[in-house]
Trainee: 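Before I ask anything, let me first share the structure, which is written out below as structure tokens.
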2 protein chains.
Amino acid sequence: MSELNNRRLEIDALRAIWAIRHHGGITRAAEALGLSQSAVSHKIKRLETSLGCELLNRKSGATAFTTEGEELLDYAGRILGLHDEALLSLSKTTLAGRIALGLTEDTTCSALAHILGRFRRLHPDVSVRTQVRMSLVLRAMLEQGELDAAIVQVFAHEVRPTDVILFRETLHWVKHPSLLLPQTASVPFLSFHDDCFYRHWALDIGQDGGIMLETVFECASAAGIVAAVNSGMGVALLNERHLRPEMQIITDRFPVPPDLVYVVRRGRKVRNAALDTLVAEIESEISRYGGLALAS
Amino acid sequence: MSELNNRRLEIDALRAIWAIRHHGGITRAAEALGLSQSAVSHKIKRLETSLGCELLNRKSGATAFTTEGEELLDYAGRILGLHDEALLSLSKTTLAGRIALGLTEDTTCSALAHILGRFRRLHPDVSVRTQVRMSLVLRAMLEQGELDAAIVQVFAHEVRPTDVILFRETLHWVKHPSLLLPQTASVPFLSFHDDCFYRHWALDIGQDGGIMLETVFECASAAGIVAAVNSGMGVALLNERHLRPEMQIITDRFPVPPDLVYVVRRGRKVRNAALDTLVAEIESEISRYGGLALAS
DNA sequence: CGATCACATGACAAATTTCGATCACGGCAT
DNA sequence: ATGCCGTGATCGAAATTTGTCATGTGATCG
């Protein structure tokens, strides 16, 4: 009892199980943590023996957590949150100022929210003004100096050296099985918005590839598009995060969609210590977890 | 930046600085942690270099924390709290039942409160009924089976093998400088209560040692006694925790007070899994910190 | 059935951590 | 001042922990 109880939970081990949950597997977690697969495997093993219980359920193929695993995961999240905040708090400098930040709808409910909340706590004298718009709008606002920085989606080939990459995303053409696409007719297209650059690309390829897209539905939020796809109203370009089991990915007929990247893009000639810090925190979070966690 | 930020705060290191604060010095902390002094010294050094700042102010003799040190200490407390709770949570068994617990006024505001709160959280099906009384009363209640366990003060020589020792305490005779004690007159005595066993001892020695004590003040709480001493109403027996700078410790004339010990004493023939667990948690907390933390 | 993916395991190398001994410094009493 | 503590820093050696490489196992898929 005493032996067991005197044992400690290593921060690294907690980060490891967190990464496993987060990346869905030991191998990927190891990659994100900058370790070898065996190192992470060993880490978990050690954690398990020190706790005297199984954390992962290895029986089946996919790595699943046991009840104890889930329980520890909950504590791990809270402990790591405090830990990281402590680390930041000790390296912080007193900041003051004003930040105008732009976000897309998608990123609003990601780990970014935590980072912003923590930033607020650590730097109460910095006022962060956040606006949620579509990527194309944000880019324009950046150009016009209305924003100091924004988190926007861009095509993979458009990434600038100064951009901070958050995560990559693959687009897919999807439809509901109930929707049939005769070769001859034009294709009903579900679009985010006039200003959505998926749509720009889709319409461009339509002209090049001889495919006639007809926009039959417009909606600013992903939830709306998902609903429209599932009701068989047409085809849409969706990222993996929004795929549902009942959807059908269309692999033929349409050209392969380009890869997308979420980046932090800073406004031109912005000299702002507070912003520097915030961006550094985002970068550090990424380097730690190998990407930004998207809330389920 | 990245190098620094990628560093982690070891749980052990956090526990170390916590122990240093708590025991007021590296050497004692090392003892409590079951490590050598140099190990703890190194631990702190490592922590400091990894953070890039000083935590302890070694200039003066006494070990003092820097501002950063205090800040980290705050996080350390919270992180360790979560950490320990996680550890307990994973080794817990489902408990149910009823515990009748007795406490003294003093221990109510110690780390015990945290342990009890955590216990409640981890074992919602156990109802803990707590009663605060004086040590002598609690002992009687234990004997009569009204309590399952109690935290009581006893003389050091009265400790039983089954008692769990929380911490030791030294009593002192104190008075305010303004109070003069003529050799001839009887001594005005400030007492907790009829049932306080300090008082029993004091009156006994009064008879043996030829010192005439006259009880001039009775109050159930320590705060009242402290106030009475400081107003020069008389002499009292106080433990170190309640000493104030302006008080005068009387070393001559009175016999040296006996040492006191706070213990967890269990009722007779009590078979109670929930109580076993609670007592085990208290023991584990003690083995970890080498004593029970008293809230300031 | 063979290829592949994902994880476990064992041996060994590298790093970190601990210990014991010793040194340095600041009070404190003589 | 002059020795003592009591405390903490520092050093080299030993012990422990942690990570890597190579390899083994089982499950899945075409």
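Protein chains get the first letters and strands the later ones, always in sequence-line order, with residue 1 at the start of each.
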Trainee: Could you tell me whether a side-chain N or O of A/H23 sits under 3.5 Å from a main-chain N or O of A/A19, the two making a donor and an acceptor?
Mentor: yes
Trainee: Roughly how far apart are B/W18 CH2 and B/I79 CD1, rounded to 0.5 Å?
Mentor: 11.5 Å
Trainee: What integer distance in Å separates A/E48:CD from C/dC7:P?
Mentor: 13 Å
Trainee: To the nearest Å, give me how far apart CZ (B/R8) and C1' (D/dG19) are.
Mentor: 12 Å
Trainee: Determine: side-chain N/O of B/K43 to OP1/OP2 of C/dT18, distance under 4.0 Å, yes or no.
Mentor: yes
Trainee: Report yes if the side chains of A/E285 and A/H114 come closer than 4.5 Å at any heavy-atom pair, otherwise no.
Mentor: no
Trainee: Between A/T67, A/I20, A/L72, which is the residue that forms a side chain to side chain contact (heavy atoms under 4.5 Å, CB included) with A/L55?
Mentor: A/L72
Trainee: When the C1' atoms of the five terminal pairs at each end define the local axes, what inter-axis angle does the helix from C/dC1-D/dG30 to C/dT30-D/dA1 show, to 10 degrees?
Mentor: 20°
Trainee: Could you give the CD-to-P distance, from A/E54 to C/dC7, as a whole number of Å?
Mentor: 15 Å
Trainee: Checking B/E283 now: which residues fulfil side chain to side chain contact (heavy atoms under 4.5 Å, CB included) with it, not counting sequence neighbours?
Mentor: B/V164, B/V279
Trainee: Find the distance B/D12:CG to C/dT16:C1' and express it as a whole number of Å.
Mentor: 12 Å
Trainee: Side chain to side chain contact (heavy atoms under 4.5 Å, CB included) with A/S89: which residues, sequence neighbours excluded?
Mentor: A/K92, A/L122, B/E71, B/Y75
Trainee: Considering only side-chain heavy atoms of B/T27, which listed nucleotide, D/dT7, D/dG19, C/dT17, is closest?
Mentor: D/dT7
Trainee: Going by the rule ring-ring contact (aromatic ring centres under 6.0 Å, His included), which residues pair with A/F65 if we only count those two or more places apart in sequence or in a different chain?
Mentor: none
Trainee: Would you give a per-nucleotide map of nucleotides 8-13 of chain C, 5' to 3', where B means the base has a protein non-hydrogen atom under 4.0 Å away, S means only the sugar-phosphate does, and - means neither?
Mentor: BBBB--
Trainee: Rounded to the Å, how far apart are B/E31 CD and C/dG20 P?
Mentor: 14 Å
Trainee: Can you tell me how far P of C/dT18 sits from CZ of B/R15, to the nearest Å?
Mentor: 13 Å
Trainee: Round to the nearest Å and state the distance from A/E10 atom CD to C/dT17 atom C1'.
Mentor: 11 Å
Trainee: So, using side chain to side chain contact (heavy atoms under 4.5 Å, CB included) as the criterion, who are the partners of A/H42 when residues are at least two apart?
Mentor: A/R46
Trainee: Is there a side-chain contact between B/L166 and B/I282, using heavy atoms and a 4.5 Å cut-off?
Mentor: yes
Trainee: In whole Å, what is the span from the CG atom of B/L47 to the C1' atom of C/dT17?
Mentor: 14 Å
Trainee: OP1 or OP2 of C/dT17 sitting under 4.0 Å from any side-chain N/O of B/R46?
Mentor: yes
